[in-house]
Structures are given as structure tokens and as C-alpha cells.
Student: 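Here it is, the structure, as C-alpha cells.
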Amino acid sequence: MNLKKFLKSNAGRKFYNFAYCWGACLVILGAVFKIAHMPFDSVLLMVGLFTEVFIFFISGFDTPDEIYEWEKVFPQLKKSGEGGKGTAQDAVELARKQYMQGLETMRERVDSLNRIYLEQEERMKAVSGSIDPGTMARMKEETARMTRLLEELNSRYSDMLDALGTKRGK
């Protein structure tokens, strides 16, 4: 079996993954031993580095993965009006246009809310300017008087219910 076929096979991928991981572990372990000045530090580091050199060497024989036609799965990637294939750049452009449309809609809504707020503010200024301070004082007095009368009415109603022997929940 030649090297390319082996690397594409299931066993080849498992071997490649195993060798890659063990090589990285040995390099890291060798570096730790080197930093700590432990015995066999140079040996571990060299074994790990040579393993990585071997892995990178055989990865040069590995063929790249096939290119997928994503526009078959995502039709929005196709260029509009053309029969050509869409690219990721087209998808980004489409997303940018949709984003800008959303921003424009949001800006219009915020402007509309701002106009309504300004109209309300003008109305409140007009109403507050037209109210006489003496009228406001009379309204406060009338409201206080009405509150006292309602309290008195509630008190009498409560007395009447007590006289009738009606149970009330509190």
C-alpha cells in the first residue's frame, strides 16, 4: 500500500493522530524536563522533536480534503442573476446588506419615536403653560377635601356594616 492511500485510510488517520499527539507530548515533556534540569531532558526533547519532524514530513504526502460545493446546501451563496458559483465573499456581502437594511429600519423607528417624544413634550409644555397656578392650588384643596369625605364615608359605611352584623374580611 503506498503512503497516500495509507494516510487516507482509517488506520493511517489513527496512526497519524497517535504519532502527532505523542510527538507533541514528548516535546512538552522534554521542555519541562529541560526547564527543571531533570535527567534525560535532552533525550526526551530530541525524541519529541524528531517525532514531530517525521509527522510533518509524512503530512506533506497527504492530499488536501476535497472542496465542497456549499452553494448546493446554501443556495443563497449563489450569485444573483448569474449562473456562477457563489463564494463566501458573496455570503458576507449578502449578510452585510441585510444588516444595513436592519440598521436603516431601526434608525427610522428610533427617529419616529423621537418625533413622537418631541410632540408629547411640546404638548406638555403647552398644557403646563396654560394652567393657572391658582387653579392648581384649588385643585389640590378639592382633592384633599374629597379624600377626607371618602374617608368619612368609608368610616360610616363600616359602622353600618358592624350594626347589621355583617362579617367583613380585612
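All heavy atoms count here, side chains included; hydrogens, waters and symmetry mates do not. Predicted model only: the values in this text are computed from it and were never measured.
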Student: Return the CE to CG distance between M46 and L26, rounded to the nearest 0.5 Å.
Tutor: 12.0 Å
Student: Is there a donor-acceptor pair closer than 3.5 Å between any side-chain N or O of S112 and the backbone N or O of E108?
Tutor: no
Student: Which residue in the set V43, L49, L45 passes side-chain contact (heavy atoms from CB on, under 4.5 Å) when paired with V47?
Tutor: V43
Student: Kindly give the heavy-atom pair with the smallest separation between F33 and P39, and that separation in Å.
Tutor: CD2-O, 3.3 Å
Student: Are any of the side-chain nitrogens in R107 or D111 under 4.0 Å away from the carboxylate oxygens of its partner?
Tutor: yes
Student: Would a hydrophobic clustering, with Ile, Leu, Val, Met, Phe, Trp and Tyr connected at side-chain separations under 4.5 Å, put F6 with F57?
Tutor: yes
Student: Would a single hydrophobic cluster contain both M139 and V127, if residues Ile, Leu, Val, Met, Phe, Trp and Tyr are joined by side-chain heavy-atom contacts under 4.5 Å?
Tutor: yes
Student: Closer than 4.0 angstrom, basic N to acidic O: yes or no for R145 and E141?
Tutor: no
Student: With side chains defined as the heavy atoms from C-beta onward, is the minimum distance between F15 and I58 less than 4.5 Å?
Tutor: yes
Student: Are the charged groups of E151 and R148 less than 4.0 angstrom apart, N to O?
Tutor: no
Student: Do F56 and F54 share a hydrophobic cluster (ILVMFWY, side-chain heavy atoms under 4.5 Å, transitive)?
Tutor: yes
Student: Could you grab the distance from atom CG of L164 to atom CG of D159, nearest 0.5 Å is fine?
Tutor: 11.0 Å
Student: Locate the shortest heavy-atom distance separating K34 from S42; write the atom from each residue and the value.
Tutor: NZ-OG, 2.9 Å
Student: So with a 6.0 Å cut-off around CE of M160, is the heavy-atom count from everything else above 12?
Tutor: yes
Student: Between R96 and E93, is there a salt bridge with N-O shorter than 4.0 Å?
Tutor: yes
Student: In the single-linkage hydrophobic clustering (I, L, V, M, F, W, Y; side-chain heavy atoms under 4.5 Å), do V53 and I55 co-cluster?
Tutor: no
Student: Run the salt bridge (Lys or Arg N to Asp or Glu O under 4.0 Å) test on R156 and E152 for me, step by step, so that the C-alpha distance in whole Å, both residues' side-chain angles and the decisive distance to 0.1 Å come before the verdict.
Tutor: CA-CA 6 Å; R156 290 181 189 228; E152 186 178 328; 3.0 Å; yes
Student: Heavy-atom count check: over 12 atoms from other residues, nucleotides or ligands less than 6.0 Å from Y20 OH?
Tutor: no
Student: Say whether M106 and M100 are linked into one hydrophobic cluster, either directly or through other cluster members, by side-chain heavy-atom distances under 4.5 angstrom.
Tutor: yes
